[in-house]
Number of protein chains: 2
Amino acid sequence: MAQQEARQRRPSIHDVASHAGVSAATVSKVLAGVTTVKPENAQRVFDAVERLGYRVDPLASDMRRAKRRIIGAIMPEFESEFFGSMVTELEGLAEQRGYTLVAASSRESEAREKEILARMHDWRVAGVVLAPVRNEHGPAAAFMKAHGMTGVLIDRVLSDDAFDTVSADSFAASAEVARMLIGNGHSHILVIGLAEQAATVRARLEGFRSQALALNPSVRIDVITSEVSVAPLRSSLRDYFGRGERPTAVYSLLLKGTLVALSEFRRRGWHCPDDISLVGFDDAEWMQVTWPAIAAVVQPVRQIASEAMNLLFRRVEGDAGPPTARLEPCQVLMRESVGSPGSGPHSGGGDRQQPPLS
Amino acid sequence: MAQQEARQRRPSIHDVASHAGVSAATVSKVLAGVTTVKPENAQRVFDAVERLGYRVDPLASDMRRAKRRIIGAIMPEFESEFFGSMVTELEGLAEQRGYTLVAASSRESEAREKEILARMHDWRVAGVVLAPVRNEHGPAAAFMKAHGMTGVLIDRVLSDDAFDTVSADSFAASAEVARMLIGNGHSHILVIGLAEQAATVRARLEGFRSQALALNPSVRIDVITSEVSVAPLRSSLRDYFGRGERPTAVYSLLLKGTLVALSEFRRRGWHCPDDISLVGFDDAEWMQVTWPAIAAVVQPVRQIASEAMNLLFRRVEGDAGPPTARLEPCQVLMRESVGSPGSGPHSGGGDRQQPPLS
DNA sequence: GTGAAAGCGCTAACAT
DNA sequence: ATGTTAGCGCTTTCAC
């Protein structure tokens with residue numbers, strides 16, 4: 001008995017037309033808001049629409065129009081807060097302009113990214129918001145260029161000669177982290193990251209390094225990065241600490257690194273910030289409720305999304321100016337995971353100390 | 001200079017036809033894999049397709065077909081790991097069958113949920129995977145029924161008289177949690193939740209309560225739920241502890257509750273599991289790297305997604321059997337946040353104790 | 001085996 | 001101010 005009620009044909013524009021006693025063209029005009037229609041007829045159309053429960057078929061409508069009112073969004077993954085809220089934001093912004101957002105996950109694969117892009121091209125989307133797996137020089141951006149697609153590149157990009165780009169200002173944010181750590185007296189800092197070839201991750205590293213060295217030329221900065229996945233990063237980190245290295249602070253250039261660092265600390269029974277300080281690029285909801293709360297760089301998701309959509313629609317509407325490269329400022333949230341080196345256990349907002357009941 | 005290369009018309013099936021010296025109908029047949037075409041002509045078609053870089057326009061194709069090869073997915077949010085991986089899974093499964101998944105977020109609003117559904121109806125999607133904001137009795141499911149849409153309901157549902165449903169077996173998982181907590185000697189347990197009217201959350205509560213009482217009839221179970229959002233839950237919890245209530249364990253029926261509980265513990269300087277034990281429904285990546293690691297009920301995302309798609313496509317292909325209600329088993333992951341009451345600080349895998357370097 | 005013809009539901013010229 | 005005509009790009013009878 002489920003779902004078997006005959007799904008009879010939905011009313012088409014012609015049904016409305018005949019019920020209203022006008023032509024389909026007139027119905028179309030009324031619904032498009034053309035004002036040159038006789039008010040009486042317009043009213044009859046509205047009545048018929050109401051009575052039949054008519055709604056325009058957006059696909060049929062797009063079929064006839066020059067450009068389809070669909071925006072494609074390609075994210076490396078959907079599982080993280082960052083990309084999850086990015087999609088939510090983009091969806092809202094697309095809707096506001098009467099477009100539908102079709103989102104797809106490249107699952108951190110450049111091959112898949114290109115395939116998805118091809119599929120979106122088949123769909124003849126009006127534009128694409130691409131958060132590339134690696135950077136602006138991947139095969140996906142090349143595909144977009146080759147096929148004359150309109151698009152914006154976001155997140156893991158800095159600038160491009162063909163597309164507008166929008167991303168967090170990694171360099172500035174990292175410099176800010178450096179100021180805070182150096183200011184707290186740290187002089188041996190480990191930076192961990194993934195995919196060093198991504199321009200943004202490099203910017204995060206360089207922003208940190210340059211500012212740190214400027215403030216304290218004798219600071220020791222160790223760097224551990226891993227190209228591919230998170231597993232080798234974990235083992236490198238394990239080796240590093242296993243060799244007896246004891247930096248007083250760790251700066252993780254990406255969320256997964258922060259998790260790895262935390263779990264390695266745990267494994268060794270180290271606590272933040274007494275035994276070691278920790279800051280991560282990318283914030284997450286849980287970071288403010290764990291004990292200690294984890295300091296993090298917060299990326300301006302809303303601004304990135306809205307700027308990206310602004311630029312994209314400018315292009316969709318035909319603007320052909322030179323591509324722009326936007327960097328949106330981040331916020332650095334200092335939390336309890338950062339202390340001063342050598343101040344020992346139970347000193348820096350440390351363990352089992354009663355926090356203020358604010 | 002960006003994006004201005006004239007995006008010349010893409011080759012249509014007629015272009016392929018003329019290049020191959022056959023009719024559009026034949027091209028269509030070849031591409032559809034019809035075998036009754038003369039091999040020689042088929043080859044010429046493939047050649048032309050190759051030379052022109054032709055790809056069928058899926059929308060135009062769907063236009064003519066009876067049913068469009070689009071599946072809609074509506075999730076309450078995209079920001080959590082659970083729904084993020086759900087979308088990823090669904091996307092893959094839809095693709096496998098040659099369908100495109102169009103996902104949308106209802107942002108925890110039933111009003112928006114219904115609007116999105118209407119839009120998907122406009123799109124004439126072949127089917128919908130709906131994860132309703134509240135439960136199977138909301139306006140969205142009613143809309144689907146009223147319009148004869150095909151669909152599956154997942155996650156916050158138990159069973160329905162019109163649609164197949166797939167969700168985690170909340171009842172059984174909660175009973176398992178009860179066994180573990182009671183087994184550890186807890187006799188005063190606080191259960192916290194949101195949206196008590198959601199059938200699944202009620203199942204989580206009842207599964208826990210019935211099993212706990214069966215094992216220890218004198219167990220004290222306090223329940224704090226809040227209808228709307230997370231803020232009132234937080235203040236109720238604050239009041240509760242403020243009154244001097246001191247359960248030895250907290251079971252949170254949903255992820256956000258786990259975060260609230262943790263942050264309230266923090267605020268009071270309590271540590272798990274020495275001061276209080278904690279288990280949460282819904283696992284998250286960070287829970288295994290914090291100290292202590294948080295015990296959690298893991299929902300079988302992949303199974304739910306794949307079962308949902310199986311059922312959905314059965315309907316899409318015309319099956320009209322009675323609706324089924326599937327419950328997929330969860331896994332309960334005990335972690336360090338759970339200890340035994342009264343065993344005091346530093347006893348139950350507690351603070352600053354060196355964990356084994358496994 | 002293959003192609004001509006007829007649309008899917010809509011909109012944009014062009015007449016009137 | 002409105003209707004007629006001609007498609008958008010494709011698939012599908014149904015003749016040949």
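In this text the structure is predicted, and so the values were computed from the model without any measurement. We name chains A, B, ... by the order of the sequence lines, and we start the count at 1 in each one.
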Practice problem: Compare the minimum distances between each of C:dT2, C:dT11, C:dC10 and the side chain of A:Ala24, then state the nucleotide with the smallest one. | Solution: C:dT11

Practice problem: Select one nucleotide: of C:dT11, C:dG9, C:dA12, the one nearest the side-chain heavy atoms of A:Ala25. | Solution: C:dA12

Quiz item: From D:dC10, C:dC10, C:dT2, pick the nucleotide closest to the side chain of A:Ile13?
Solution: C:dC10

Quiz item: Pick the nucleotide of DNA chain C nearest each of B:Ala42 and A:Arg69; which residue has the one closer to the 5' end?
Solution: B:Ala42

Quiz prompt | Whole-Å gap separating C1' (D:dC8) and CG (A:Leu59) | solution = 12 Å

Self-check item: Value in whole Å for how far the P atom of C:dA12 lies from CG of A:Leu31
Solution: 13 Å

Exercise. State whether the distance check finds a donor on one side and an acceptor on the other, under 3.5 Å, for side chain A:Arg64 versus base D:dG7.
Key: yes

Quiz item: Below 4.0 angstrom from OP1 or OP2 of C:dG3, is there any side-chain N or O of B:Thr26?
Solution: yes

Self-check item: Nearest-nucleotide pick for A:Asn41, side chain only, options being C:dT2, D:dG9, D:dT2
Solution: D:dT2

Quiz item: To the nearest angstrom, how far is B:Arg68 atom CZ from D:dT11 atom C1'?
Solution: 14 Å

Quiz item: Of all the nucleotides listed (C:dG3, C:dC10, D:dG3), which has the minimum atom distance to the side chain of A:Lys29?
Solution: D:dG3

Practice problem: State whether B:Ser28 places a side-chain N or O below 4.0 Å from either non-bridging phosphate oxygen (OP1 or OP2) of D:dT11. | Solution: yes

Quiz item: What's the NZ-C1' distance between A:Lys38 and D:dG3, to the nearest Å?
Solution: 13 Å

Practice problem: Nearest whole angstrom, please: distance from the P of C:dT11 to the CE of B:Met63. | Solution: 10 Å

Exercise. Kindly determine whether B:His121 and A:Arg55 satisfy side-chain hydrogen bond (donor to acceptor under 3.5 Å, both in side chains), including the steps that lead there.
Key: CA-CA 9 Å; B:His121 188 221; A:Arg55 302 193 119 218; over 6 Å; no

Quiz item: Hey, does the side chain of B:Ser106 reach the backbone of B:Met75 with a donor-acceptor pair shorter than 3.5 angstrom?
Solution: yes

Exercise. Specify the separation, in whole Å, of atom CG of B:Asp57 and atom P of D:dC8.
Key: 12 Å

Practice problem: Can you establish whether the number of heavy atoms outside B:Arg112 located under 6.0 Å from its atom CZ is more than 12? | Solution: yes

Quiz item: Does any donor atom in the side chain of B:Ser61 or B:Arg69 lie under 3.5 Å from an acceptor atom in the other side chain?
Solution: yes

Quiz item: Judged by atom type as modelled, is there a donor-acceptor pair below 3.5 Å linking the side chain of B:Thr165 to the main-chain atoms of B:Leu158?
Solution: yes

Self-check item: Whole-Å distance separating the CZ atom of A:Arg44 from the P atom of D:dA1
Solution: 17 Å

Quiz item: Start at the 5' end of DNA chain C and walk down; is the nucleotide closest to B:Ser23 or to B:Arg65 reached first?
Solution: B:Ser23

Practice problem: Round to a whole Å and report the spacing from NZ of B:Lys67 to C1' of D:dT11. | Solution: 17 Å

